[in-house]
Amino acid sequence: MSTDLHHTPESAPATTPPRAAALHEPVIGWFDAHARDLPWRRPDAGAWSVMISEFMLQQTPVVRVLPVHEQWLARWPRPADLAAESPGEAVRAWGRLGYPRRALRLHAAAGAIAQRHGGEVPHDHAELLALPGVGEYTAAAVASFAYGRRHIVLDTNVRRVFARVVTGVAHPPNATTAAERRTAAGLLPADEATAARWAAATMELGALVCTARSPQCGQCPVAALCAWRLAGSPAHEGPPRRGQSYAGTDRQVRGRLLAVLRASPTPVSQSALDSVWHDPVQRARALDTLVEDGLVEPLADGVYRLPV
DNA sequence: CACACGTGGAT
DNA sequence: TATCCAAGTGT
């Protein structure tokens, strides 16, 4: 086994990266045999179902999204149904998925779809991107998964698969780079339907086999072509991967405060909020930012509620 | 571009 | 127990 002692992120892999065409069939074939049966992937799933799932899946695992996604779709079958609700109800129904600003943005996106797009989730990438809460990834994902369009879908799973198979490193950079976009563009099948299949397949491969912690290379359809394996599965180099701290942060306080509001069908008093965090300064700051974000609505006399 | 932004399960 | 990680977006 030859080890490159002077390896840097920009250096060429020790072996030739696999050709695009050599990857398509095994990866898509693997997907056909092993893809999970997720509600938003079923033939009868509409674009709205896909869009709800994409919002919920931003930084939240599939198993926790499943039940909430089902509830949302049953309660708000079309974008206009959600748009007709108060934003507070969206925040409440978001439950404990985390990052509740996503609920607010999905509610706002539903409003924009009802107003500007005749109630239909747009097909066009640029129009999707213009919606609140829809970034580069989500716009591509909705266009590709819901409408079969040909787009570069670069999420954390796909980035990790390409980092290993093509670039030969254990993990992708912290932020998406131009080099990654070039790699993804070079691998994207020319045929539109195949490209959409490829996007879903590479994402699923990263989620189920080419995982962050302990990849199941024995199950991987392209293990024999994988630049990382061929290089001896070298450990991660470079800057430490971004860790998230949580205990004691404003985020934790915001979470506590919002949990109180979600649980109460009626406005809550200042004292009810005061009871969930000891430090009055941090508590006040957290409440302030929740109000700024539109997640909490202050009423008169130190009473608060979810936004109407 | 680095950082804020929730929550909970796995190791 | 501490850390890592999960289909990112907005600033």
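The sequence lines fix the lettering, A, B, ..., with proteins before strands; numbering per chain opens at 1.
Each of A:Val91 and A:Leu57 belongs to its own hydrophobic cluster when Ile, Leu, Val, Met, Phe, Trp and Tyr are linked at side-chain heavy-atom distances under 4.5 angstrom.
For A:Tyr99, whose side chain is taken as the heavy atoms from C-beta onward, the closest listed nucleotide among B:dA10, B:dT7, B:dC5 is B:dC5. Checking C:dA6, C:dA7, B:dG6 against every side-chain atom of A:Leu57, the shortest atom distance belongs to C:dA7. Minimum atom distance to the side chain of A:His171 is reached by C:dC5, of the listed C:dG8, C:dC5, B:dC5. With C:dA7, C:dA6, B:dC5 as the choices, the nucleotide that has an atom nearest any side-chain atom of A:Glu54 turns out to be C:dA7. With C:dA6, B:dC5, C:dA7 as the candidates, the nucleotide lying closest to the side chain of A:Pro61 is C:dA6.
For A:Arg105 and B:dG6, the CZ to C1' distance is 13 Å, given to the nearest whole Å. Atom-to-atom, CG of A:Asn174 to P of B:dC1 comes out at 12 Å; the value is rounded to the nearest Å. For the pair A:His236 NE2 and C:dC4 C1', the interatomic distance rounds to 13 Å; values are reported in whole Å. Rounded to whole Å, the distance from CG on A:Asp293 to C1' on B:dC3 is 14 Å. One interatomic measurement links the two molecules: CD of A:Gln59 to C1' of C:dG8, which rounds to 5 Å at whole-angstrom precision. Between the CD atom of A:Glu136 and the P atom of C:dA7 there is a distance of 17 Å, rounded to whole Å. With rounding to whole Å, A:Arg101 atom CZ is found 7 Å from C:dG10 atom C1'. One can place CD1 of A:Ile152 at 17 Å from C1' of C:dA7, the figure rounded to the nearest angstrom.
Counting any heavy atom pair closer than 4.0 Å across all strands shown, A:Ala212 reaches sugar-phosphate atoms only and no base atom. Nucleic acid contact class of A:Arg262 (heavy atoms, under 4.0 Å, all strands): sugar-phosphate only. Using a 4.0 Å heavy-atom criterion, one finds that A:Val63 contacts no nucleic acid atom at all. The residue A:Leu295 sits apart from the nucleic acid: no heavy atom pair falls under 4.0 Å. Among the protein residues, A:Gly135 comes within range of the sugar-phosphate backbone only, with heavy atoms under 4.0 Å from sugar or phosphate atoms but none that close to a base. Residue A:Tyr246 is in base contact, counting any heavy-atom pair closer than 4.0 Å across all strands shown. When heavy atoms are screened at a 4.0 angstrom cut-off, A:Gln252 is found touching no nucleic acid atom at all. Nucleic acid contact for A:Leu97: base, since at least one base atom lies under 4.0 Å from a heavy atom of the residue. Within the 4.0 angstrom heavy-atom criterion, no nucleotide atom of any strand lies near A:Trp94. Using a 4.0 Å heavy-atom distance criterion, A:Arg159 is classed as making no nucleic acid contact.
Between the base of B:dT7 and the side chain of A:Arg64 there is a donor-acceptor pair shorter than 3.5 Å. Checked by distance alone, A:Arg213 brings a side-chain donor or acceptor within 3.5 Å of a matching partner on the base of C:dC4. A donor-acceptor contact under 3.5 Å links the side chain of A:Thr60 to the base of B:dG6.
When the side-chain nitrogen and oxygen atoms of A:Arg96 are compared with OP1 and OP2 of B:dG8, one or more of them lie within a distance under 4.0 Å. The phosphate of C:dT9 has OP1 or OP2 within less than 4.0 Å of a side-chain N or O from A:Thr138. Dashed line: the shortest gap from a side-chain N or O of A:Gln58 to OP1 or OP2 of C:dA7 is not under 4.0 Å. For B:dT7, neither phosphate oxygen OP1 nor OP2 lies less than 4.0 angstrom from any side-chain nitrogen or oxygen of A:Arg102.
Between the A:Arg251 side chain and the A:Tyr246 main chain, no donor and acceptor come within less than 3.5 Å of each other. Between the side chain of A:Arg41 and the backbone N or O of A:Ala200 there is no donor-acceptor pair closer than 3.5 Å. Formation of a donor-acceptor pair under 3.5 Å by the A:His151 side chain with backbone atoms of A:Ala143 is not found in this model. For the pair A:Trp72 (side chain) and A:Ser53 (backbone), a donor-acceptor distance under 3.5 Å is absent. With A:His24 contributing its side chain and A:Leu187 its backbone, the two residues share a donor-acceptor pair below 3.5 Å. Checking side-chain atoms of A:Glu54 against main-chain N and O of A:Val50 turns up no donor-acceptor pair under 3.5 Å.
Using bins of under 30°, 30° to 60° and over 60° for the plane-to-plane angle, the ring pair A:His123/A:Tyr147 lands in the parallel bin.
B:dG6 and C:dT11 are spaced 14 Å apart, taking the P atom of each and rounding to whole Å. Rounded to the nearest Å, the gap between the P atom of B:dA10 and that of C:dA7 is 15 Å. The gap from the C1' atom of C:dA6 to that of B:dC1 amounts to 23 Å, rounded to the nearest Å.
In this structure, A:Gly133 and A:Ala207 both approach DNA chain C, and ranking their closest nucleotides by distance from the 5' end singles out A:Ala207.
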